[in-house]
Amino acid sequence: MTKKPEDTPLIRQYFEMKSKHPDAVLLFRVGDFYEAYGQDALTIVDILSIALTKKSNGAAGPIEMAGFPHHALDNFLPKLVRAGKRVAICDQLEDPKLTKKLVKRGITELVTPGVSTNEHILATKENNFLAGLHVEKNRAGVAFLDISTGEFYTAEGTVEFVDKLLGSFSPKELLYERGKRALIQERFHYTGARYEMDDWVYTDESATTRLLKHFQTNHLKGFGIQNMPLAIIASGSVLYYMDMTEHTQISHINTLSRLDETQYVRLDRYTIRSLELCETMNEGGKSLLSVIDRTQSAMGGRLLRRWLLFPLKQVEPIRERQDMTEFFFKQPLLSTAIRQILGGIGDLERIASKIAVGRVSPREMVYLKQSLKAVNDIRLACLEGKIDELEPGSVLSLDADDVGYMALQRLVERMQPCTDIRQRIHRVIVDNPPIALNRGEVIRAGVDSELDELRMLSSSGKEYLMAIQEREAQRTGISSLRISFNNVFGYYIEVRNAHKDKVPDEWIRKQTLVNAERFITQELKEYEEKILGAEEKIASLEARIYQELATDLCQYLSAIQANALLIAQLDCLLSFATTAVEHRYYRPIVQEGDALTIKAGRHPVIEKMLPPGEPYIANDIHLDSTQDQIIIITGPNMAG
DNA sequence: ACTAAAGGGGCTTACC
DNA sequence: GGTAAGCCACTTTAGT
């Protein structure tokens, strides 16, 4: 009888984790490295072009292995995701020092094309939507979620309508019920990453429960979807997927917006593509978006793209946008000031999301503080005409009766000063913190007395080392004697070879370099212990205080998000005004009816693509539903 | 400018 | 029997 050769405990642990997500590549944290074994090793070697090696695996014989240090995850993870892989990240869950056995490990995140908070995977001015789809007969429900910004939308309607939404949102990943692959392939024109989930997820009850629990509410009326069973199921399936991919801290997803069929012109994917709204079909071309995008902020950029893909249908909201654009057009001083301030505003939406998922960096926190201050500056500039950024102390006189200004005021008044958040961050975090939170200098002095004491201890220890250096230099007569630090020996005394003979007997030689020798002494090691001990405590204390602040900020997420949306709108409107000035665009008169009249019209993209010096020949167009229903345009089809 | 070692777990091998 | 030393991906850093 032959016994099946046993894997070693580590490899067994790997395949245990692997069995939870068999369709994902598993990156397994072992010490400083993320490792993959067996088939996964072969896969990542192929995608990442790294070396294949092997790991001994007891009686079962060596197993394929590949890996990279944990700090390189940001480089490699996006490559795997872009190659269409689902990647399960498995981390160590306990301190290896506290156990003699194999360290406990667990999957902390499943990264997929549609679920990513990693900025190396995300495009700044583009959303990263995950879509959930549910079809029944001729109708379908759909939900779109961008976990990196917290935006969550849903809709229900004919298959044709939902297919158009898929075209406009262009999600990076599509979820649907297992077994419906053929049906979905036949009815929808989606080509990206897809994932099938169990049928029990697609029941009204399971979805409703999930939505109510997530939003902590008693009914779905507040979202206006109580009579949209397919939309409810689609939305619920998306939330289930968050759970499944270990994204459990998602309090930034705090509302579900119903996409209203009646408000927007529906564009299908062919129209979007052939009009080259966002992307061009040929090399070196320009999309309409790239020609008109003068937004300064990331969220403005994302909103402009959405405005372009969801053209308004109703006259009133169009006019309101036009009024505000015209106001900016007529106020170059204010516009310039605001544009400048906008340029200094960070990605509020994505910072808010990072706070929620617990991955905000110290530098992002300071950026948040500065950005919220900038929001308030814009508020004051628009409401009171204060343009300190441009000319300190000067105040513009704005026409209070201007319809555009009134609309702008209504928008800006909703911005929140967020003084609380700004003060909290300011009180706790230093002005120029490091990106990462590992070795100190993040928390401001005076925040915590224990921290201050430890810092004193550490710095006085260092001062004492300098005193030792001076004393020993005098005692031995070695003037070039230096005390310094490295990770191998800690603190040591370095002596140039020229003075080798003057070294006292009690010094312990540790290392010989080409033209110097390194020694330690009893005294040095004693102080080293004090200093390193203090530094270790400083690091853990700082981390604790930092986490407290980060958790505390979670209660303000919706205020930050509200500001982000208002800034995005303002940014888009200002971008329109900027483009209008630059390209000499005119404000079209929009009214009910079906006539279209263009006088001396120019195609925005073609005009930009002309070689320098070549004039654009503008042309007139008139179309309506009674007299001039058809016109024939000859030549290259570039009339727009 | 170039090279070698460290980084940290787990496993094997060598040695007492 | 236990313990110490060697190994291993990639990147960074220290040392030539």
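Labels below follow one simple rule: chain letters A, B, ... track the order of the sequence lines, proteins then strands, and each chain is numbered from 1.
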Earlier contact from the 5' end, DNA chain B, for A:Val30 and A:Gly58: A:Val30

Sugar-phosphate only, base, or nothing, as touched by A:Lys54 at under 4.0 Å among non-hydrogen atoms: nothing

Whole angstrom value for the distance that separates C1' of B:dT12 from CE of A:Met65: 13 Å

A:Glu35 CD to B:dG7 C1', straight-line distance once rounded to whole Å: 13 Å

B:dG8 and C:dA14, which share atom name P, separated by this distance in whole Å: 15 Å

Pair A:Phe76 + A:Tyr34: ring centers closer than 6.0 Å: no

Contact boundaries on DNA chain C for chain A, cut-off under 4.0 Å to non-hydrogen atoms: C:dC8 to C:dT16

Rounded distance in Å - CZ (A:Arg12) to C1' (B:dG9): 17 Å

Atom pair distance, as rounded to whole Å: CZ in A:Arg29 and C1' in B:dG8: 9 Å

A:Lys20/A:Glu246 salt bridge by N-O under 4.0 Å criterion: no

Crowding at NZ, A:Lys354 (>12 non-hydrogen neighbours, <6.0 Å): yes

Presence of salt bridge, A:Glu6 and A:Arg12, under 4.0 angstrom: yes

Output field: ring centroids A:Tyr491/A:Tyr527 closer than 6.0 Å: no

Ring-face cation of A:Arg105 near A:Phe28 (centre distance under 6.0 Å, axis angle within 45°): yes

Residues within residues 87-95 of chain A bordering DNA chain C, heavy-atom distance below 4.0 Å: none

Evaluation steps, side-chain hydrogen bond (donor to acceptor under 3.5 Å, both in side chains), between A:Tyr241 and A:Glu173: CA-CA 11 Å; A:Tyr241 196 61; A:Glu173 188 175 1; 2.6 Å; yes

Rounded distance (Å) that lies between atom P of B:dC11 and atom CD1 of A:Ile63: 12 Å

Contact nearer the 5' end of DNA chain B, comparing A:Asp32 with A:Lys100: A:Asp32

Mutual orientation of the aromatic rings belonging to A:Trp507 and A:Phe519 [parallel < 30°, tilted 30-60°, perpendicular > 60°]: tilted

Separation of atom CD1 in A:Ile11 from atom P in B:dG9, rounded to whole Å: 17 Å

Sugar-phosphate only, base, or nothing, as touched by A:Leu52 at under 4.0 Å among non-hydrogen atoms: nothing

Sugar-phosphate only, base, or nothing, as touched by A:Tyr34 at under 4.0 Å among non-hydrogen atoms: nothing

Pairwise C1' distance, C:dA5 and B:dA5 [rounded to whole Å]: 16 Å

Sugar-phosphate, base or nothing in reach of A:Ala66, heavy atoms under 4.0 Å: nothing

Positive for side chain to side chain donor-acceptor pair (under 3.5 Å) with A:Arg302, one of A:Asp347, A:Asp146, A:Thr124, A:Asp571: A:Asp347

A:Gln13 CD to B:dG9 P, straight-line distance once rounded to whole Å: 13 Å

Touch class at under 4.0 angstrom, heavy-atom based, for A:Pro69 against every strand present: base

Euclidean distance, atom CG of residue A:Asn57 to atom C1' of B:dT12 [Å, nearest integer]: 12 Å

Exceeds 12 heavy-atom contacts within 6.0 angstrom, atom CZ of A:Arg424: yes

